[in-house]
Amino acid sequence: MLERAPELQDIVRAEALLRPHLWNTTARRSAALSERFGAEIVLKPENLQRMGSFKIRGALNRMDELARSGAKAAITASAGNHAQGVAYAVMVTGLAATIVVPETASAAKIDALRRMGADLRLIGTTFDEAEDAAYALAEAEQIPMVSPYDDAVIAGQGTVGYELLRESPNLDLLVVPVSAGGLLSGCLIAAKTMNPSITVIGVQSEAAPAMVAARDAGRILEVTCTESLADGLSGNIAHGELPFRIIQRLVDDLVLVDEAAIAAAMRLFVADDRLIVEGAGAVGLAALISGKIDVAGRRVGLVISGGNVAYETLRLVLAGASDVG
């Protein structure tokens, strides 16, 4: 049976649940970027969120749902940010959780998980391998899987778009990072319901173009992923059918950006807005820098999805490197 796509009411309910646990990431106008691109650019800085990423939203919403249903434990897989959200949700809900992370995940994210005392298992060299291992563990142990792509997670992630549109209702363009689509699909539901005329564009790394390939083919298919500064966007969509269906129905466009543009965007966030942004969170600005999205004269909401970047990676990027994925 196919999962039901969440509606705006589910996102509003999630926002009320999450509010006591979230840090304030009120939308802020970037004067420097607005002037640079000849547009009105408003940032949603989830790099300043608790755990350094939007992922706490969907993870906590799903873990709360499991706790209320009587579950005692859960399993998840993540390249890092989703795992940190689940680890925090363990402290809030009391559920036990096993977190499977690829051995190649960001050192900063792995260290943070260890500090939180998570039951952490490093399996595989890619997110796809870690995710497959997590699903196998969940089935073998009959424990619920906290997928980054289920309806409760999508509703939680959609609170990013809901808050942004509530604070800046006059936006005519929303730019959102996309991997397997949990964040983008949630933001699409919120934005298109609150403002049906808004244009929503997802941005993905050329190093992991799974959603763009699926959009072009009309179905989910496996792509080759390479190392990237946007490590949080790595992986395929093997278990992410619900976000794909929502994105296919609602998104206006999907674009790809290269490593040089991502590195340039990370540097520009530091220079113009004094914000530390990980590669995955910088892809929206990378699309503006590379001319993939024309924003001149528009009112643009730019979602910054996270700020968990390893110090050495950030140092190299700020020194001018782009091939440090």
Side-chain angles (χ1 to χ4, degrees), residues 30 33 36-39 41 43 46-47 53 79-81 102 104-106 108 125-128 173-181 183-184 199-217 221-237 247 251-273 275-296 300 302-310 312-325:
S30 171
L33 292 178
R36 185 183 295 275
F37 292 102
I41 296 183
L43 307 178
E46 287 293 289
N47 57 312
S53 164
N81 285 338
T104 53
S106 162
T125 58
T126 66
F127 172 73
D128 296 330
L173 172 62
L174 179 61
V175 181
V176 185
V178 57
S179 176
L183 175 63
L184 177 58
T199 298
V200 182
I201 299 177
V203 186
Q204 189 159 51
S205 163
E206 287 183 355
M211 189 60 71
V212 171
R215 185 272 313 270
D216 293 345
L221 68 169
E222 187 171 342
V223 300
T224 300
C225 299
T226 57
E227 287 190 358
S228 173
L229 285 169
D231 61 293
L233 302 183
S234 295
N236 278 281
I237 322 174
I247 290 167
V251 81
D252 292 287
D253 199 8
L254 299 171
V255 300
L256 295 172
V257 292
D258 62 22
E259 295 301 298
I262 295 170
M266 293 171 70
R267 288 191 287 270
L268 194 57
F269 272 128
V270 172
D272 278 7
D273 288 278
L275 291 173
I276 294 176
V277 178
E278 64 183 279
V283 294
L285 181 55
L288 273 58
I289 291 172
S290 58
K292 296 295 182 72
I293 302 175
D294 181 10
V295 297
V300 184
L302 207 60
V303 173
I304 303 173
S305 57
N308 291 320
V309 56
E312 184 61 17
T313 299
L314 181 63
R315 186 186 69 80
L316 290 170
V317 168
L318 295 179
S322 60
D323 56 345
V324 292

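Residues meeting the side-chain hydrogen bond (donor to acceptor under 3.5 Å, both in side chains) test with S205, sequence neighbours left out: S228. Evaluation of the side-chain contact (heavy atoms from CB on, under 4.5 Å) rule for A208 yields C225 as partners, not counting sequence neighbours. Legend: residues meeting side-chain contact (heavy atoms from CB on, under 4.5 Å) with T125, ordered by chain and number and at least two apart, are E103, T104, E129. For the side-chain contact (heavy atoms from CB on, under 4.5 Å) test, residues two or more places apart in sequence or in another chain that qualify with E312 are R315, L316. By the side-chain contact (heavy atoms from CB on, under 4.5 Å) test, A296 pairs with D294, sequence neighbours left out. Every residue meeting the salt bridge (charged side-chain N to carboxylate O under 4.0 Å, His left out) condition with D272, not counting sequence neighbours, appears here in chain and number order: R36. Take N47 and apply the side-chain hydrogen bond (donor to acceptor under 3.5 Å, both in side chains) test, not counting sequence neighbours, and it matches no residue.
By the 4.5 Å heavy-atom criterion applied to side chains, V203 and I293 are counted as neighbours. Within the 4.5 Å cutoff, side-chain heavy atoms of P177 are placed close to those of L183. Using a 4.5 Å heavy-atom threshold, the side chains of V283 and I262 count as touching. Contact annotation: the side chain of I41 approaches that of L288 to within less than 4.5 Å [non-hydrogen atoms, C-beta and beyond]. Within the 4.5 Å cutoff, no side-chain heavy atoms of Q204 are placed close to those of V255. With a 4.5 Å cut-off on side-chain heavy atoms, L184 and L254 count as touching.
For residues 278-289, the pairs satisfying salt bridge (Lys or Arg N to Asp or Glu O under 4.0 Å) are K109-E278, with sequence neighbours left out. Residue pairs satisfying the salt bridge (Lys or Arg N to Asp or Glu O under 4.0 Å) criterion with at least one member in residues 283-292, sequence neighbours excluded, are absent. Sorted by first and then second residue, the salt bridge (Lys or Arg N to Asp or Glu O under 4.0 Å) pairs with a member in residues 202-215 read R215-D253; sequence neighbours excluded.
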Notebook entry, point to check: Please walk me through it: do I304 and F269 pass side chain to side chain contact (heavy atoms under 4.5 Å, CB included)?
Noted result: CA-CA 10 Å; I304 303 173; F269 272 128; 3.6 Å; yes
Note to self: Please evaluate residues V223 and N236 with respect to the criterion side chain to side chain contact (heavy atoms under 4.5 Å, CB included), reporting the C-alpha separation (whole Å), side-chain torsions for both, the decisive distance (0.1 Å), and the verdict.
What the structure shows: CA-CA 7 Å; V223 300; N236 278 281; 3.3 Å; yes
Next item on the list: Verify side chain to side chain contact (heavy atoms under 4.5 Å, CB included) between L43 and L33, making sure each step is shown before the conclusion.
Entry: CA-CA 10 Å; L43 307 178; L33 292 178; 4.2 Å; yes
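When all heavy atoms are compared, the tightest approach of P209 to L256 is CB-CD2, 3.8 Å. Nearest approach of V257 to S290, heavy atoms of both residues: CG1-OG, 4.1 Å. The two atoms that bring E46 and S305 nearest to each other are CB-O, 3.8 Å, heavy atoms only. Contact between A263 and L229 at its shortest, heavy atoms only, is CB-CD1, 3.7 Å. In this structure, G202 and V251 approach most closely via the heavy-atom pair N-CG2, 4.2 Å. Minimum heavy-atom separation, L221 to A217: CD2-CB, 3.8 Å.
In this structure, the separation between CD1 on I276 and CG on N308 is 10.5 Å, given to the nearest 0.5 Å. The structure places CZ of R267 at 10.5 Å from CG of L314, a figure rounded to the nearest 0.5 Å.
Between the D252 side chain and the V200 main chain, a donor and an acceptor come within less than 3.5 Å of each other.
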